[in-house]
Amino acid sequence: QVRLVESGGGLVEAGGSLRLSCAASGGTFSTYAMGWFRQASGKDREFVAVISRNGARIYYADSVKGRFTISRDNDKNTVYLQMNSLKLEDTAVYYCAADGSYSYYSTPKGTDEYDYWGQGTQVTVSS
């Protein structure tokens with residue numbers, strides 16, 4: 001029912017910036033809390049950021065706080081992740097996910113709390 005497609009990944013030098021986009025189709029985007037997760041090679045998928053369905057509540061992982069910004073445009077059915085001051089340890093496949101619980105202010109942070117996932121986009125930070 002819901003399809004999520006990430007884009008914007010690539011190769012960037014440490015200290016640089018990238019903006020990831022996640023376009024949603026199907027369902028009703030404005031009713032979903034949207035999250036960003038990342039998974040480095042050989043490691044577990046970890047929480048990065050989440051924005052509530054109305055955009056009023058936002059939470060970040062400590063590792064990205066102050067460097068990354070999550071936002072959404074419900075008119076475009078798109079969620080964004082602006083990544084600044086990138087570090088080598090930010091290298092991972094980045095996934096967007098949608099929570100279809102319809103909770104107005106929910107900001108889930110666990111992978112098992114999300115119903116739909118994109119295919120991911122690779123972000124590689126070089127020294």
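Throughout, numbering of the chain's residues begins at 1 and tracks the sequence.
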Hey, what do you get for CG (L11) to OG (S126), rounding to the nearest 0.5 Å?
-> 4.5 Å

If a pair satisfies side-chain hydrogen bond (donor to acceptor under 3.5 Å, both in side chains) and one of its residues is in residues 112-122, list it, with sequence neighbours excluded.
-> Q122-T124

For the hydrophobic clusters of this structure (ILVMFWY residues joined by side-chain heavy atoms under 4.5 Å, transitively), does one cluster hold both V93 and I70?
-> no

Sequence neighbours excluded, every pair satisfying ring pair (Phe, Tyr, Trp, His ring centres under 6.0 Å) that has a member inside residues 61-95 | none

Cluster check V123, L88: I/L/V/M/F/W/Y, side chain < 4.5 angstrom | yes

Output all residues satisfying side-chain contact (heavy atoms from CB on, under 4.5 Å) with S106, sequence neighbours left out; order by chain, then residue number.
-> A33, D99, S101, S103, P108

Roughly how far, to the nearest 0.5 Å, is CG of D44 from CD of Q39?
-> 7.0 Å

Look only at the side chain of E6 and the backbone of G120, and say whether a donor-acceptor pair between them is shorter than 3.5 Å.
-> yes

Between atom CE of M34 and atom OG1 of T107, what is the distance when rounded to the nearest 0.5 Å?
-> 14.0 Å

side-chain hydrogen bond (donor to acceptor under 3.5 Å, both in side chains): pairs with one or both residues in residues 49-59, sequence neighbours excluded = S52-N54

Minimum-distance pair of heavy atoms, taken over all atoms of L4 and A24 = CD2-CB, 3.5 Å

Contacts satisfying salt bridge (charged side-chain N to carboxylate O under 4.0 Å, His left out) that involve residues 29-43 (not counting sequence neighbours) are R38-E46, R38-D90

Considering residues, nucleotides and ligands other than E13, do more than 12 of their heavy atoms fall under 6.0 Å from its CD?
-> no

Any side-chain hydrogen bond (donor to acceptor under 3.5 Å, both in side chains) involving residues 16-34? Give me the pairs, sequence neighbours left out, ordered by first then second residue.
-> S17-N84

Drop me the distance from T111's OG1 to F47's CZ, to the nearest 0.5 angstrom.
-> 11.5 Å

R72 NZ/CZ over F29 ring centroid, <6.0 Å and within 45° of normal = yes

Is there a chain of hydrophobic side chains (I, L, V, M, F, W, Y, each step under 4.5 Å between heavy atoms) that links V12 to V48?
-> yes

Rounded to the nearest 0.5 Å, the CD1 atom of I51 sits from the CH2 atom of W36 at a distance of 12.0 Å

I would like to know whether L20 and M83 meet side-chain contact (heavy atoms from CB on, under 4.5 Å); could you show each step before the answer?
-> CA-CA 8 Å; L20 306 184; M83 306 185 295; 3.7 Å; yes

To the nearest 0.5 Å, how far apart are CG in L81 and OG1 in T69?
-> 8.0 Å

